[in-house]
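Heavy atoms only: backbone and side chains are in, while hydrogens, waters and symmetry mates are out. Values in this document were obtained by computation on a predicted structure and should not be read as measured data.
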Amino acid sequence: MDSEFQQEQNRVDSVIETLIKQISRLEEETYRRQNELVNIRKHFWDEVKVNVDTFDDYLETIIGLRQEAQALSVSQSTHKHASKRLSTLRRMQKAPYFGRIDFIEEGISTQEQFYIGISSLMDESGDDFLIYDWRAPVSSVYYEYQPGPAQYATPGGVFQGTLEKKWQYLIRGGVLQSMFDTSLTIGDEILQQVLGKGTDKHMHSIVATIQQEQNRIIRHDHGRLLIVHGAAGSGKTSAALQRIAYLLYKYRDSLNADQIILFSPNSMFNSYVSNVLPELGEENMQQVTFQEYLDHRLSKAFQVENPYEQLEYVLTAANTPSYSSRVASIRFKASPLFFEAIESYRKSLELSGLLFKDMIFRGQPIVTAQQIAERFYSNDTSLRFHNRLEKLKDWLMQKINETQKAELTQPWVQEKIELLSNEEYDKAHTYLAKKRGFRRESIADYEIEPEALARLIVQQKLKPLRKRAQTFGFIDVKGIYKELFADPLQINQWIEGETPEEWEDICRTTLEMLDEDKLLYEDATPFLLMKELIQGFQTNRTIKHILVDEAQDYSPFQFEFLKRLFPSARMTVLGDFNQAIFAHASEMVDFHILSSLYGTDETEVINMTRSYRSTKPIIEFTRRLVPNGERIIPFERDGELPVLTKLVNHAELHHCITSKVAALRSLGYNSIAIICKSAEESKSAYDALSNIDDIKLLKNGSLEYEQGVVVIPSYLAKGIEFEAVIIYDASEQVYGDESLRRVFYTACTRAMHYLQLYSIGEPTPLLRNVLPESFIQA
């Protein structure tokens, strides 16, 4: 074995030598390309002769501009490609590859060795591969098969053969530390080592340890919708990010990172996963939260509640009088039933009910709301709804033009001209001169015509009104949405199903909020849908793929909206119903409700039941907290049993947590989370524990995931993992209600190596199904 190990180290050395040569060449090339780029930018206008005297001169100028712009674009692209490749090779220098397969192709007697790393590498001659990219077709054998018959598909056909051996390598800083023949070794030694390590502030690439079920997700490539339902810690998010890298590799000629969007739970999560694609030599896709999109579209007109404010209410306001009607409102407005109601209501507006706003100029209506409505409903009703609106818009633009003509001779125009400052007059002079065709050097020769200046003044004054007409701002969308709730009985004409018992209360509360220009989170997407159905959807056809992480937090309503928003996109949806902590979660009993989005033929569901994040004792404990938890399979990684400690009061609790944090730090844990139920509880816990060195409070709006000791609400911890977790107060008083089961489960499953629960008084009844031998009671 020693000689074989030495041979492998010699090969590592040889590959690194090749890498160093290629890095050196690329460094020279990127330096040269950079200078070339700077030079083109510097002398861009030197090469273009701007002449617009005649049409031929103008044409020559345009052609020259295009040629220079094309040269600049080619140079930028070449430099970017070289820089990206250089970055990848530098990363490979420390660990060139992580795996190898020995494969005999059918019909060929000789065995071929394929070494697998984060990117391909050719030898100096350019004839042979020293390393194959983990996304290459042949590399799928490494992830999919154990020794025996195997095959892989390429664009040229399917290659069959026999996998003789499969090796895993652990290389650090160019030194081979260990190698395993995985056909002989029991368990996954390298995965054990990776999972046994600490964590840091970023999620990392898992290409060296991708498991078979994760590989199915990564290489899945048919249909419009892939649904991944995975247990906590099953690696679904990691697999999805490697999936993006795989798609960018496979479709590199037709897909780029700007055409992919990740909808993530919060900004802190964006920071946490931001490292994965760059580690693989790919650019990050666009990352956004659904709330950021809602704010972008609605925050100018409304104060929009965010999902965490809604959840905070659900977690802390159970004793308030309006609680049951608010929860009923959240659930109903998240349902497909309400989506259908809004579509039916919009359809009814074709015959009556569309509300408008007066078009006012200088305090007087040009056209009243009533006149706009009469015009709309007297027009040809056989036309499509949006064509009728377009005709209405044209009519309003005509009315604005008539107003412009009528206003030219009004006294206010002359007054405005007389009050123009020198600077304003000069700007108007320059603008009008250019409009009349005067060139820069002869602008001074232009004499302003009084009528032209008056027309410009009126045009500027009418500009906001024109914009309002162009963007359908004359439609009273808020008023139309309010009508849904004005009479609690009228919704029955647009709905096939039961409204909640609390519907009258829901209507009253919704109207109160709208009157204050506030949108509750459960109203934000329905309101936006109503707006889009009336004014026309602002679809985005450039996006080719969207990922939705923590998908159990989205309502069926929101998925329907996303489908319409990105009509050209394929969708990957990731989630875990055991972590469905929002009040609308009962509407998403499982992801099969989503199969109606694109139809069952275009949808595939992959279930991931093996959990890798936590040690076996922690998983044995947490899987007893949820229904069907027995389906969750722990990865064989040993560790300490979770500990439950009963305490008398908060003073004792804070003393114990302070001591426990010190003990965990002394054991080398760098990432310790004190997880509370809500932001309210987190704030009081943080204030009481401020004596702990470098303790941080993470809250909604935190932009970056912090290392060290953090106090965090349960819902913000989702998707993130910590070496050690302390459940702040797992008492009956805090987690007494059955509705909190998933919140409690989510908090406990954040722990990788150590889980400590404290309880002031009696522990939560949610622990009743947990076997006494699976945790220590102190």
Side-chain angles (χ1 to χ4, degrees), residues 135 137 140 144 153-155 158 212-230 234 236-237 239-264 285-286 288 290 293 334-340 342-343 525 529 532-533 537-577 580 584 587-609:
R135 297 163 289 190
S140 65
E144 287 289 329
T154 72
V158 176
Q212 191 171 14
E213 58 186 359
Q214 293 168 334
N215 194 52
R216 278 184 65 208
I217 296 163
I218 292 165
R219 293 174 190 264
H220 183 274
D221 203 15
H222 53 270
R224 290 286 302 277
L225 175 63
L226 172 63
I227 298 169
V228 181
H229 185 215
S234 57
K236 52 189 177 292
T237 302
L241 292 170
Q242 322 293 311
R243 170 168 169 70
I244 292 302
Y246 172 76
L247 293 172
L248 287 170
Y249 172 86
K250 184 171 181 181
Y251 298 105
R252 50 194 174 277
D253 295 332
S254 58
L255 181 70
N256 61 59
D258 288 340
Q259 295 172 305
I260 302 169
I261 288 184
L262 166 64
F263 280 93
S264 58
M285 71 257 122
Q286 300 178 63
V288 69
F290 193 68
Y293 176 74
S335 68
L337 197 63
F338 193 55
F339 193 98
E340 289 160 16
I342 285 184
E343 286 191 309
T525 314
L529 175 70
E532 301 288 77
L533 288 174
F537 249 88
Q538 291 192 23
T539 56
N540 186 330
R541 293 186 178 275
T542 62
I543 298 300
K544 297 290 189 286
H545 207 109
I546 63 175
L547 276 85
V548 182
D549 204 0
E550 302 294 349
Q552 72 281 352
D553 296 347
Y554 291 70
S555 66
F557 197 116
Q558 288 169 327
F559 275 111
E560 287 283 359
F561 185 82
L562 285 174
K563 175 191 171 184
R564 283 163 175 75
L565 188 61
F566 301 106
S568 303
R570 295 164 67 191
M571 195 184 290
T572 300
V573 166
L574 319 153
D576 174 15
F577 279 107
H584 64 247
E587 293 296 334
M588 293 272 282
V589 178
D590 58 40
F591 281 134
H592 288 287
I593 196 168
L594 296 182
S595 60
S596 62
L597 277 177
Y598 300 105
T600 50
D601 290 347
E602 290 288 326
T603 304
E604 183 165 345
V605 180
I606 296 178
N607 289 299
M608 300 176 72
T609 54

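Legend: residues meeting side chain to side chain contact (heavy atoms under 4.5 Å, CB included) with Ala240, ordered by chain and number and at least two apart, are Leu547, Leu574.
Here the shortest heavy-atom pairing between Lys236 and Gly230 reads NZ-O, 3.1 Å. In this structure, Thr603 and Tyr598 approach most closely via the heavy-atom pair OG1-CB, 4.4 Å. Annotation for Arg541 and Lys544: closest pair O-NZ, 3.8 Å, computed over non-hydrogen atoms. Between Pro137 and Ala153, the shortest heavy-atom distance links the atoms CB-O, 3.2 Å. Contact between Ala239 and Ile218 at its shortest, heavy atoms only, is O-CG1, 3.3 Å. Minimum interatomic distance between Ser140 and Asn215 (heavy atoms only, all atoms of both residues): O-ND2, 4.2 Å.
Of the inter-residue distances, the one linking Glu340 atom CD with Glu560 atom CD reads 8.5 Å to the nearest 0.5 angstrom. Distance CZ/Phe566 to CZ/Phe263: 4.0 Å, rounded to 0.5 Å. Going from atom CD1 of Ile227 over to atom CD1 of Ile606 covers 10.5 Å, rounded to the nearest 0.5 Å. Summarising the geometry, atom CD belonging to Gln286 is positioned 10.5 Å from atom CG belonging to Leu262; distances are rounded to the nearest 0.5 Å. Here CD of Glu213 is found 11.0 Å from CD of Glu144. Values are rounded to the nearest 0.5 Å. Rounding to the nearest 0.5 Å places CG of Asp221 at 11.5 Å from CD of Glu604.
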Passes side-chain contact (heavy atoms from CB on, under 4.5 Å), Phe290 versus Val548? Steps please. CA-CA 9 Å; Phe290 193 68; Val548 182; over 6 Å; no
Please lay out, stage by stage, how Lys563 and Glu602 fare under the test salt bridge (charged side-chain N to carboxylate O under 4.0 Å, His left out). CA-CA 13 Å; Lys563 175 191 171 184; Glu602 290 288 326; over 6 Å; no
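Leu255 has its side chain within reach of Ile260: a pair of non-hydrogen atoms, C-beta onward, lies under 4.5 Å apart. Looking only at side-chain heavy atoms (C-beta outward), His229 and Asp576 come within less than 4.5 Å of each other. Side-chain contact check for Met608 versus Gln214: some heavy-atom pair is nearer than 4.5 Å. Put simply, the side chain of Leu529 reaches to within 4.5 Å of the side chain of Phe537, judged on heavy atoms. In this structure, the side chains of Met285 and Leu241 come closer than 4.5 Å at one or more pairs of heavy atoms. No side-chain heavy atom of Val573 sits less than 4.5 Å from a side-chain heavy atom of Tyr554. At least one side-chain heavy atom of Leu226 sits under 4.5 Å from a side-chain heavy atom of Arg243. Residues Lys250 and Arg219 form no side-chain contact, since every pair of their non-hydrogen atoms from C-beta on lies 4.5 Å or further apart.
A donor-acceptor pair under 3.5 Å is formed between the side chain of Glu532 and the backbone N or O of Gln538. Side-chain atoms of Gln259 never come within 3.5 Å of backbone atoms of Ile543 as a donor-acceptor pair (strictly under, hydrogens ignored). Without hydrogens or angle criteria, Arg570 side chain to Gly223 main chain gives a donor-acceptor distance under 3.5 Å.
The aromatic rings of Tyr293 and Phe561 lie tilted to each other, with the angle between the two planes from 30° to 60°.
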